[in-house]
Structure formats: C-alpha cells, structure tokens
S.K.: 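This is the structure I have questions about; it appears just below.
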Amino acid sequence: MSLRHTLLGLLAWGPTHGYVLRKQAREYSWIYPMTNASIYPALRALEQGGFISHHSEVHSGRARKIYEISPSGRDELHRWLTEPTAASPSVRDQLVLKIAMQSAESLPQSRAWLEESLAELMDAIELHGRRMQVESESAKYARLTMQYGAELLDLRRRFFEQVLATCESSLQDGQHAG
C-alpha cells in the first residue's frame, strides 16, 4: 500500500491537484514504482476510505480537483511511518542481471547497449540534479532521499563505466589472442 501512503505523505505537505501529485510522485518512482494510471484510482480509494477529501477550483477555465489530507489520513500516514517494515531491501534490475550473465561470446554484441545505457544514465543524473535544485522547499527528509537517489545514480554510473572498461579490456585481450 505504499502508493497510497506516498500520496498521503505528499498531501501532508499541503493541498494540491492531481497533476502536481503525479509530478511529485514521479520523483519517487525510483524507490517505489508508481504510474500515472495508478495514481487516480489510489486517490479515489483514499477518498472513499475517508483519508482525503477534495474540492473543485476553476483554473484557466478548467475545473480541477484539489485534494487535501483528512485527520484520519494524517493518522494513517503517522501509523505507516512509525511502524517497522518487515521487507528487506531488494534490487530488481534487469540490466544488472544481463551484465552478470555476460560471456566472452555475448560481450562484443552487448557493448552497444551498455554504452547506450550509460548515456541514458548520464541524462538521468543530469535531470535528477536539476530536480534537486528545484526541490529546495521540500521537506528535509525528502531532500535527504533525493540525495540518496543521486548517490545511487552515481554508483550505477561508476559501475557501468567499470563494466565498459572491463568489456574493452576483454575485447582487446581477445584480439591479441587471435
């Protein structure tokens, strides 16, 4: 139920409309996958459960629902935040699994997607850095989490660079042996 709790946490920062919630939730999708398609059903469920409410506002000629956390929503968020989580951290990363399974036979053909993955990662690092600059008004722990994300991205970058360097070395060794 982390999506619902994430939405409650975002609404605890202040009332807002669905578009802003989608944008804010996307900032945390690297921690817990959240899609735009799942956010609105979660908002409906939270409202039906009495955890949030909404009112409508007209902005630029269009009606918007402004969502707000209720007292029972704050209680539920507090309960979730203060209870221990039994699940241990896990990383599910298909790219890393593919790297682990590389062989001398597949490595030459894999180099192109490895380089492309590194280029995409560099773009993600740049975007994350810009988000961190904009997020200055966020809660202290949200900023710490964004910093954690930046460090994970940098660790991933270094890993991909090391894999590519090892790939290059293996390819050179193969050329010298042939």
Side-chain angles (χ1 to χ4, degrees), residues 1-96 116-157 159-160:
M1 197 156 139
S2 293
L3 172 58
R4 291 181 187 178
H5 290 104
T6 300
L7 293 171
L8 288 174
L10 294 171
L11 288 170
W13 295 347
T16 193
H17 57 87
Y19 176 77
V20 170
L21 282 171
R22 284 187 0 227
K23 186 177 171 187
Q24 290 173 329
R26 191 175 21 221
E27 301 292 326
Y28 299 97
S29 63
W30 62 274
I31 301 171
Y32 184 82
M34 296 174 261
T35 64
N36 287 343
S38 61
I39 289 175
Y40 287 106
L43 287 169
R44 278 192 295 282
L46 286 168
E47 191 163 22
Q48 289 170 351
F51 298 115
I52 65 172
S53 62
H54 83 271
H55 67 275
S56 294
E57 283 183 3
V58 177
H59 180 74
S60 300
R62 295 181 54 189
R64 281 187 188 165
K65 287 183 178 180
I66 305 297
Y67 296 94
E68 187 170 359
I69 192 169
S70 69
S72 62
R74 286 188 189 283
D75 291 344
E76 173 59 20
L77 178 61
H78 181 76
R79 182 200 63 73
W80 180 71
L81 290 172
T82 58
E83 281 186 355
T85 300
S88 62
S90 67
V91 176
R92 299 176 78 178
D93 190 325
Q94 188 174 355
L95 287 177
V96 173
E116 184 178 314
S117 295
L118 179 59
E120 290 171 2
L121 179 59
M122 297 304 285
D123 291 342
I125 289 170
E126 182 182 332
L127 178 61
H128 193 82
R130 286 195 308 261
R131 286 177 182 160
M132 286 180 62
Q133 292 171 356
V134 173
E135 293 294 319
S136 62
E137 73 280 353
S138 293
K140 171 175 38 177
Y141 298 104
R143 283 194 310 273
L144 286 172
T145 303
M146 293 298 281
Q147 180 62 41
Y148 172 76
E151 291 176 19
L152 286 176
L153 286 171
D154 190 54
L155 175 64
R156 186 176 179 89
R157 176 194 55 80
F159 172 69
F160 272 69

S.K.: Who are the side chain to side chain contact (heavy atoms under 4.5 Å, CB included) partners of R22, not counting sequence neighbours?
M.R.: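 R22: side chain to side chain contact (heavy atoms under 4.5 Å, CB included) contacts with Y19, N36, I39, Y40.
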
S.K.: Might you point out which heavy atoms bring Q24 and T16 nearest each other, and give the distance in Å?
M.R.: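 Shortest heavy-atom separation between Q24 and T16 comes out as OE1-CG2, 4.4 Å.
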
S.K.: Could you give the distance from CG (L152) to CD (Q147), rounded to the nearest 0.5 Å?
M.R.: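 With rounding to 0.5 Å, CG (L152) is 10.0 Å from CD (Q147).
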
S.K.: Taking distance alone, no hydrogens or angles, what donor-acceptor pairs closer than 3.5 Å link side-chain atoms of residues 59-68 to residues at least two apart or in another chain?
M.R.:
from: H59; atom 1: NE2; to: R64; atom 2: NH2; distance (Å): 3.4
from: R64; atom 1: NH1; to: H17; atom 2: NE2; distance (Å): 3.0

S.K.: Out of curiosity, I52 CD1 to S72 OG, how far, rounded to the nearest 0.5 Å?
M.R.: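 The OG atom of S72 is 10.5 Å from CD1 of I52, to the nearest 0.5 Å.
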
S.K.: Going by side chain to side chain contact (heavy atoms under 4.5 Å, CB included), name the residues that satisfy it together with S117, two or more places apart in sequence or in a different chain.
M.R.: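 With neighbours one apart ignored, the set is L95, W113, F160.
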
S.K.: Could you pull out the closest heavy-atom pair between L8 and E76, with the gap in Å?
M.R.: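 Heavy atoms only, the tightest pair is CD1-CG, 4.1 Å.
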
S.K.: With rounding to the nearest 0.5 angstrom, report the CZ to CH2 distance, R4 to W80.
M.R.: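 It is 13.0 Å, given to the nearest 0.5 Å.
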
S.K.: R44: what forms a salt bridge (charged side-chain N to carboxylate O under 4.0 Å, His left out) with it, not counting sequence neighbours?
M.R.: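 R44 satisfies salt bridge (charged side-chain N to carboxylate O under 4.0 Å, His left out) with no other residue.
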
S.K.: Quick one: which residue pairs count as a salt bridge (charged side-chain N to carboxylate O under 4.0 Å, His left out) with a foot in residues 145-154, not counting sequence neighbours?
M.R.: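 Non-adjacent pairs meeting salt bridge (charged side-chain N to carboxylate O under 4.0 Å, His left out): D154-R157, D154-R158.
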
S.K.: What distance do L7 atom CG and L43 atom CG have between them, rounded to the nearest 0.5 Å?
M.R.: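 Interatomic distance, L7 CG to L43 CG, rounded to 0.5 Å: 5.0 Å.
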
S.K.: Can you list the residues that meet the side chain to side chain contact (heavy atoms under 4.5 Å, CB included) rule with A12, with sequence neighbours excluded?
M.R.: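 Only I69, R74, L77 meet the side chain to side chain contact (heavy atoms under 4.5 Å, CB included) criterion with A12.
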
S.K.: Looking only at heavy atoms, what is the nearest atom pair of L3 and A42, with distance?
M.R.: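 Looking at all heavy atoms of both residues, the closest pair is CD2-CB, 3.8 Å.
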
